[in-house]
Amino acid sequence: MFHMEQKEWFKDWFSSEYYKLLYNHRDEKEAEIFIKNLVQNINLKKGAKIWDNGCGKGRHSYIFSKLGYVVIGTDINEVNIKDANRKYKNENLIFGVHDMRKEFYVNYFDAVLNLFTSLGYFNYIYEEVKALEVMFRAVKNNAYVIIDYLNPDYVLKKNVPHETKIINNISFDIKREIQNNIVFKYIRVEDGNKMENYMERVRLLGFEFFEEMFQKNNLKILKVWGDYELNGFDKESKRMIFWAQKNNLL
């Protein structure tokens, strides 16, 4: 069921220690608060089967498993999955390497999660569409899909073209540009005498894109939140957190 895939541009950066250091503010306490709030709002029964699709290093999968859910966490990055398997142990938790564009279980899960902007990194828009369709097919009828994505309106308004961050005596020189609705982030890392160059890019998938995808695939949007405190969404919100339910009778 799990697939090893060819190396792609995002794998070196997302598995590097520098990525972890740059985004070290994304801690487990923040994630646990968000997930507990989410669980309370969607009323998902204990023992429900969850697919954490694009799980990264597994912290969210682990939190869900601690709350009493049966969780499969997958990521395209083999290094991330090795880290997750080493760090997180729970009888209700499984990690594996999988490309979200490839078919997974069908009509199996009670909820599929795609959290902390785990879409938008592929070369072509049809690949993003394919990944979403795989998620939609993976849930049972009346089950949930939760997608947490950046808000393009917020990103465009708050874009910082250039900044430098010093973390643990390591310099991160970051330049951003937006072309063809894609945000490119170029990161030069200076670590003593060592210098590394990385690129991060993400496609600005808008609210209407997700709305259309849900509608075409017989999912009804139940709620859209604008941040991890689950406040309501508007154009000024940092996030778009969609809670949708599959209904094959739509």
Side-chain angles (χ1 to χ4, degrees), residues 5-28 30-31 34 52-60 73-84 97-101 113-132 147-191 194-206 209-210 227-228 237-241:
E5 293 299 325
Q6 64 183 4
K7 203 168 187 178
E8 300 194 57
W9 70 268
F10 41 80
K11 298 185 78 173
D12 287 338
W13 170 233
F14 288 158
S15 62
S16 74
E17 287 302 309
Y18 296 122
Y19 174 85
K20 182 179 179 180
L21 183 60
L22 182 61
Y23 295 113
N24 64 2
H25 59 282
R26 298 175 179 174
D27 59 19
E28 290 189 15
E30 174 198 56
F34 165 53
D52 185 7
N53 181 23
C55 69
K57 295 181 182 293
R59 60 181 176 152
H60 312 111
T74 65
D75 199 272
I76 194 173
N77 195 308
E78 184 179 3
V79 173
N80 284 344
I81 293 302
K82 285 182 178 179
D83 287 346
V97 177
H98 181 75
D99 183 335
M100 65 175 69
R101 294 164 292 186
L113 314 172
N114 189 262
L115 304 178
F116 290 82
T117 310
S118 296
L119 280 168
Y121 301 107
F122 299 120
N123 290 327
Y124 303 103
I125 189 70
Y126 74 82
E127 295 176 282
E128 314 293 352
V129 170
K130 175 64 176 176
L132 285 167
I147 296 175
D148 162 32
Y149 202 73
L150 55 82
N151 178 11
D153 290 325
Y154 181 87
V155 171
L156 292 169
K157 185 176 180 179
K158 300 292 185 177
N159 181 51
V160 178
H162 181 240
E163 63 178 324
T164 300
K165 295 183 178 182
I166 308 295
I167 305 172
N168 294 353
N169 295 318
I170 299 172
S171 174
F172 294 85
D173 187 70
I174 303 167
K175 295 181 179 179
R176 298 179 181 85
E177 61 182 23
I178 300 173
Q179 296 180 5
N180 299 322
N181 223 33
I182 298 174
V183 178
F184 293 87
K185 183 187 292 185
Y186 303 99
I187 305 110
R188 171 167 290 186
V189 180
E190 294 186 28
D191 183 2
K194 183 180 179 183
M195 184 176 292
E196 299 282 355
N197 290 288
Y198 297 98
M199 180 187 71
E200 180 178 333
R201 74 184 189 200
V202 62
R203 191 181 306 275
L204 298 178
L205 302 172
F209 168 80
F210 287 104
D227 56 36
Y228 295 131
S237 299
K238 291 183 179 181
R239 311 294 303 176
M240 302 186 299
I241 304 173

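Note: hydrogens, waters and symmetry copies are ignored here, and every other heavy atom, side chains too, is used.
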Next on the checklist: Going by side chain to side chain contact (heavy atoms under 4.5 Å, CB included), name the residues that satisfy it together with Lys185, two or more places apart in sequence or in a different chain.
Outcome noted: Tyr23, Ile174, Arg176, Ile187, Glu200

Next on the checklist: Using modelled atom types and a 3.5 Å cut-off, is there a donor and acceptor pairing between side-chain atoms of Asn53 and backbone atoms of Asn114?
Outcome noted: no

Next on the checklist: Tell me if a side-chain donor or acceptor on Asn77 pairs with a main-chain N or O of Val79 at a distance below 3.5 Å.
Outcome noted: yes

Checklist entry - Can you find a pair of side-chain heavy atoms, one from Leu132 and one from Phe209, that are under 4.5 Å apart? => result yes

Checklist entry - Can you tell me how far CG of Asp191 sits from CD of Glu17, rounded to the nearest 0.5 angstrom? => result 11.0 Å

Item to check | Which atom of Asp227 lies closest to which atom of Ile241, heavy atoms considered | outcome: O-CD1, 3.3 Å

Next on the checklist: Show, in sequence, the C-alpha distance, side-chain angles and deciding distance for Leu150 and Leu204, and conclude whether the side chain to side chain contact (heavy atoms under 4.5 Å, CB included) test is met.
Outcome noted: CA-CA 8 Å; Leu150 55 82; Leu204 298 178; 3.7 Å; yes

Checklist entry - Are Leu205 and Met240 close enough that some pair of their side-chain heavy atoms sits under 4.5 Å apart? => result no

Checklist entry - In terms of heavy-atom contacts, does CG of Asn197 have more than 12 from other residues, nucleotides or ligands at under 6.0 Å? => result yes

Checklist entry - Does a side-chain heavy-atom distance below 4.5 Å link Asn159 with Glu177? => result no

Item to check | Minimum heavy-atom distance between Gly54 and Ser118, given as atom pair plus value | outcome: O-OG, 3.2 Å

Item to check | Test item: Val189 and Tyr19 side chains (from C-beta on) under 4.5 Å apart, heavy atoms | outcome: no

Item to check | Nearest heavy atoms of Cys55 and Gly73, plus distance in Å | outcome: SG-C, 3.5 Å

Next on the checklist: Which residues pass the ring-ring contact (aromatic ring centres under 6.0 Å, His included) test with Phe210, not counting sequence neighbours?
Outcome noted: Tyr149, Phe242

Item to check | Over all atoms of both residues, closest heavy-atom pair of Gly120 and Glu128 | outcome: N-OE1, 2.9 Å

Next on the checklist: Before we go on, tell me: are the rings of Phe14 and Tyr121 under 6.0 Å apart, centre to centre?
Outcome noted: yes

Next on the checklist: Using the rule given for side chain to side chain contact (heavy atoms under 4.5 Å, CB included), can you reason through Ile170 versus Lys165, listing the C-alpha separation, both sets of side-chain angles and the distance that settles it, and then say yes or no?
Outcome noted: CA-CA 8 Å; Ile170 299 172; Lys165 295 183 178 182; over 6 Å; no

Item to check | Residue list, side chain to side chain contact (heavy atoms under 4.5 Å, CB included) with Ile182, at least two apart or on another chain | outcome: Phe184, Arg201, Arg203

Item to check | Expected output: side-chain Asn80 to main-chain Lys57 donor-acceptor under 3.5 Å | outcome: no

Checklist outcome for this item: Shortest non-hydrogen pair, Gly206 vs Pro152, comes out as CA-CG, 3.9 Å

Next on the checklist: Distance alone, cut at 3.5 Å: any donor-acceptor contact between the side chains of Thr117 and Arg239?
Outcome noted: yes

Item to check | Any residue meeting side chain to side chain contact (heavy atoms under 4.5 Å, CB included) with Tyr124, in chain and number order, not counting sequence neighbours | outcome: Tyr126, Glu127

Checklist entry - Can you name the residues that form a salt bridge (charged side-chain N to carboxylate O under 4.0 Å, His left out) with Lys157, not counting sequence neighbours? => result Glu236

Checklist outcome for this item: Between Tyr18 and Tyr198 the two heavy atoms that sit nearest each other are CD1-OH, 3.6 Å

Checklist entry - How would you list, by chain and number, every residue that makes a ring-ring contact (aromatic ring centres under 6.0 Å, His included) with Phe34, sequence neighbours excluded? => result Phe116, Tyr228

Item to check | Under 3.5 Å donor-acceptor, Asn151 side chain and Ser237 backbone | outcome: yes

Item to check | Donor-acceptor pair, side chain of Glu190 and main chain of Met195, under 3.5 angstrom | outcome: no

